[in-house]
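Residue numbers begin at 1 in each chain, while the letters A, B, ... track the order of the sequences.
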Amino acid sequence: MTAVVTRQPETEPPEPQRTEWPRGSNLRALMSGRRNSVLLLGVLVAWVIVGTIMHGTHTLEIGGADQIGIQNWLGDRANDIQLASSQNFFIQVTHGISDGLNSLILWLQHLISTPAFPRPYPHVGFLGVVVIAWLFTAITAGWRMSILTVACFLAFALLGFWEESMDLLIVTLLAVAISVIVGIPMAILMARNKTARAIVTPVLDVMQTLPSFTYLLPLSLLFEIGPAAAVICTVIYSLPPVMRIASHGLLNVNPATVEATNSMGQTSWQRLRKVDLPMAKRTIIVGINQTTMAALSMATIAAFINGPGLGQPVVRALNALRVGDAFVPGLCIVLMAIMMDRVTTAASQHSENLARGQARNIAELRGRLLIAGAVITTVCVYLGANYTWAAKPPSSSAGTWLANRVQEVIDWISKHWSGATSTISDKFTTIFLNKVEYVVAGSPWFVTGAAILAIAFLLGGRRAFIAALVCVAGLRWLGLWNGAMVTLTATLVATVFVMILAVVFGVWMGRSPRADQVIRPFLDAGQTLPPFVYLIPTLALFGPTRFTAIVAAVAYAAPAAIKIVADGIKAVSATTVEAAESAGALRIQIITKVQIPMARSAFTVAANQGLLYVLSMVVIGGLVGAGALGYDVVAGFKQLPLQGRGLAAGFSIVLLGVMLDRITTYTAQRGAKKAVES
Amino acid sequence: MTSEAIADSKPRLSVAGLWKVFGPKAASIIGTPDADLPRPELLERTGCVAAVKDVSFDVAPGEVFVVMGLSGSGKSTLVRCLTRLIEPTAGSVRLDGSDVAAMSTRELMAVRRNEVAMVFQHFGLLPHRQVLDNVAFGLEIRGEGKEKRYKRSREIIDLVGLKGYENHYPDQLSGGMQQRVGLARALAVDPKVLLFDEPFSALDPLIRRDMQNEVIRLQDDLKTTMVFITHDLSEALKLGDRILIMRDGEVVQIGTPAEVIAAPADDYVKDFVSEIPRSHVLTLKWVMRPQRPDDSLEGPEMDINTIIRNAAQAALASAHPVKVIENGQLVGIVDDEAILRSVVAEEEVSA
Ligand SMILES: Nc1ncnc2c1ncn2[C@@H]1O[C@H](COP(=O)(O)OP(=O)(O)OP(=O)(O)O)[C@@H](O)[C@H]1O
Ligand SMILES: [Mg+2]
């Protein structure tokens, strides 16, 4: 391009038309793309027309408490499992595991959170816990982080949620510990062994597309509702990040170093210990950070199956639709998330600083620090065991005060603004949401099914069609078709808004480093928050409606999608943009004709991630009036007769997730292939 | 060391019939007519690349043996086959008589730990270790105690001129200094054979010259046997006792620098050496002619191994031709014209 551009006579103003990107060689791809768009539009129009004509027939709607066909069968199997626990060997094993885990958790709770009878306080007591946390973060993440940690711990106590906070900490850290102990050896195996990698990677892919909610019911059947099942769900949800990231780090250790050290005759074990692990250390810690955040978000959701911790008061308050009561524990969850994210992030940098700073005398220094730490800890634990003042967390009325103030604000809002917020909510629902639902869920099931298959084929080709066929058939078979379509509607609508935000903010951030610098920290913070947290303010504003769940889902999914788009735009090479600029392209032309087409794959990836995030949040939104599949899952936990339906709803959510993931993934792959071919 | 002395002693390293074929069913290609195909055709027919084809050579104790060739000619593969960092497809690599290619893993580890050390183009240092611990790495994996390995490493760090940098990290050093660490790491295990794979290609010209001089100095001190890979002819001429020239995996010529320049085996080698100032490398041996009866014998006497450039001034100053002496005997005559021809010819080349 540059060559062509420089040959233009300087006196002539460059013609903007010259900069038609992408150019001739892309024409074929463009043509087939255009044909596809026309067909796609045709499918949508046909769907609307046929759906309107046949509206309300064959929608497969079932009553709120009905259980049909396969659901009954699933319910019977669930009952069998519970009844057979004394005979079935497999169930005995799972129950044995959960018994062991439960007593471990109980022991930990007696240590730091709940009264250890006959004492009125846990063994270690408040002072001991805070001092241990302080020392631990000071050593692993530096003194700044240790201050943050102490401040957060004090806040947990002063807000009146000390016990729940410690319970959440126990569930989260236990799950992280198990994930790391299992995940890092697996990551080493994956990095060293191609076959292992080929087997494990697709399993991890599937695990990461499953919305967190779907794990709960089946696992609680196997491991019984309670802390153990909560920890196991959390482990399953938080294991993939550390495995994936650690194996990636180990695989990408500089090959020149590996070869050089091999040439000196190291054994495979020496290579692991002296080369691979130290060189991948920072990446591994990033993996642990991701795993910790995943664990925290799952551990709060596990409140649905009686997982101990801060999730419980939130669920209770949301169930009763008392936002003020949900606010304070929600705030504690946010503090916990910020603390864990900051500490694990800092630990990665700190490990380097430590090793660098005083490398040679660090050993003895660390020895002394450890001794000092042990002495201080012993003293504090001793004090906690013998004096009430050291064992009892400081209490204050701050939590109640805050909850009341929040409730007042919410009451005020609903009094003065309820007009405005409910107008927004109603308008959106009638103008947009109901229309989409009218077509997606109100058409006969075979019409919607056929439309989904056609769209899958046009977007993602044969493989997407087959995946969609399997999923549509599965959804039909599970008997919750109508609920699934309502959930799908909410997911699609929310994703549209996520993508609008992603394009606007992503392009802006991608083009302006300043904007990026200002906005990105908020997105990062947003990504660390467990999904629950988003429900609280939206519920306060919009009450228990489908709209609330959609707003929460948009807020939850937008940060990831925006970041993906921003990075995609940024990756468009500066020289290409420069060439277009020097060819006289206007700014809008550069955005629409250069940056957006070249970052196309980023948009599909953003859509993929957006859909999966939205789906997992929309499902949780079942709790606050979004109904459909999410509600069925929750009902399954609560009412024994509806267990079968709850299980079917869980599987339906999985199928929806897999379907959306496969269609977008294959679409992205097809787009990439086309771009290469042209 | 002269080539005669090399030929006399028992080789330290002896490579015979070495092959490395990358690709499916690599071993089955050797010995078939396919093996003689040029690379693109072989790749098309079998999907294999013959990176090293039937290479044989000996390296004497204390010799600096240079392997050179264009990019892709198989130099890196060859040198990696010597300690089986790349597993050879066929052939033998004898180190003091024992065949590395046939060793068990345990014996091979012992060779890598004690006998052969390697210096790499991209250094391959451990970024999380200080210079001292990088240099001590070979001793550490060999199981030597902390005190002993640090003592030895400090000596070597002094030797390569890095005193004072023991506690720096690799990313705090310049490229040249990093390669000194790489060199020290290899030297620390006191190897019998040092392998270099284009160790100075990533460095700028001035640093490269420093490092070459460093190698020459170390070689004078330690008399280690070296196999040195480079694609830079002047580096090869400067360091090499003998040079092996490779093309597409095959040996084209093995000889002393002078032999290679004065008598290139084919056009490939001739092309290679055409840029080199002959008078800087060649000795009188390559430009002398037999004595004729009418030659004046008044001129200066010079040894047959005198470099032309060093002989030029005295020869041109004298009105009489130079008498070339070998072992006290008059073996030939070099007149002004022969000297001028070798000097002028290269000016034509470089112009
Ligand atoms: N692992 C491999 N698999 C397949 N082919 C390989 C492999 N390694 C090297 N080759 C091929 O073998 C040939 C020789 O490569 P080699 O790296 O030995 O060349 P070289 O002379 O060191 O080149 P350079 O000067 O660029 O380092 C090349 O054609 C290369 O493509
Ligand atoms: Mg090479």
Side-chain angles (χ1 to χ4, degrees), chain A residues 140 184 188 191-194 246 248-288 347-367, chain B residues 76 79-80 82-86 105-143 146 150 166-172 178 181-182 185-186 188-189 191 194-197 199 202:
Chain A
T140 55
I184 293 200
I188 293 169
R192 287 285 172 93
N193 185 319
K194 245 198 202 140
H248 176 264
L250 289 167
L251 266 175
N252 285 287
V253 166
N254 184 354
T257 308
V258 172
E259 184 175 51
T261 46
N262 272 341
S263 84
M264 317 204 68
Q266 64 185 346
T267 61
S268 173
W269 174 242
Q270 283 173 326
R271 172 180 158 194
L272 182 65
R273 241 171 22 124
K274 293 172 193 282
V275 181
D276 286 352
L277 285 178
M279 285 178 77
K281 185 158 132 201
R282 283 195 73 169
T283 317
I284 293 174
I285 297 180
V286 170
I288 294 176
S348 137
Q349 181 61 47
H350 188 70
S351 66
E352 203 111 320
N353 293 350
L354 258 190
R356 287 247 157 156
Q358 321 94 345
R360 207 130 295 286
N361 51 17
I362 191 68
E364 56 186 276
L365 200 70
R366 182 173 282 171
Chain B
S76 295
V79 77
R80 278 165 179 70
L82 300 183
T83 56
R84 286 167 56 189
L85 286 174
I86 292 177
T105 313
R106 173 176 291 251
E107 292 167 312
L108 178 64
M109 286 294 166
V111 165
R112 287 187 190 169
R113 287 178 176 197
N114 304 310
E115 323 255 304
V116 185
M118 191 159 168
V119 180
F120 294 83
Q121 180 178 5
H122 298 294
F123 319 145
L125 302 178
L126 290 161
H128 56 282
R129 287 176 170 232
Q130 298 174 345
V131 168
L132 185 65
D133 280 315
N134 261 294
V135 174
F137 187 81
L139 302 167
E140 183 181 329
I141 60 172
R142 211 150 81 173
K146 203 169 198 168
Y150 281 164
E166 291 87 348
N167 295 333
H168 282 58
Y169 284 87
D171 61 7
Q172 299 168 323
Q178 289 185 40
V181 179
R185 175 175 66 182
V189 297
L194 264 174
L195 309 177
F196 294 83
D197 185 14

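Across all their heavy atoms, B:R113 and A:G265 have their closest contact at NE-O, 2.7 Å. Contact record, B:G124 with A:A260: O-CB, 3.7 Å, taken as the closest heavy-atom pair.
Residue B:V111: no heavy atom, backbone or side chain, is found under 4.5 Å from chain A. If you measure heavy-atom distances from A:Q266 to chain B, the contacts under 4.5 Å come from both the backbone and the side chain. Contacts between B:L125 and chain A at a heavy-atom distance below 4.5 Å involve the backbone alone (N, CA, C, O). Using a 4.5 Å cut-off between heavy atoms, A:N262 contacts chain B through both its backbone and its side chain.
In terms of heavy-atom pairs under 4.5 Å with chain A, the best-connected choice from B:Q121, B:E140, B:R84 is B:E140.
For B:H168, the NE2 atom sits in a packed shell: over 12 heavy atoms of surrounding residues, nucleotides or ligands are nearer than 6.0 Å.
A:V275 places a side-chain heavy atom less than 4.5 Å from the side chain of B:F137. Counting heavy atoms from C-beta on, the side chains of A:S263 and B:R112 never come closer than 4.5 Å.
For the atom pair B:R129 CZ and A:M279 CE, the distance stands at 11.0 Å (nearest 0.5 Å). The OG1 atom of A:T257 sits 9.0 Å away from the NE2 atom of B:H128 when rounded to the nearest 0.5 Å. Between the CZ atom in B:R142 and the CE atom in A:M264 there is a gap of 8.5 Å [rounded to 0.5 Å].
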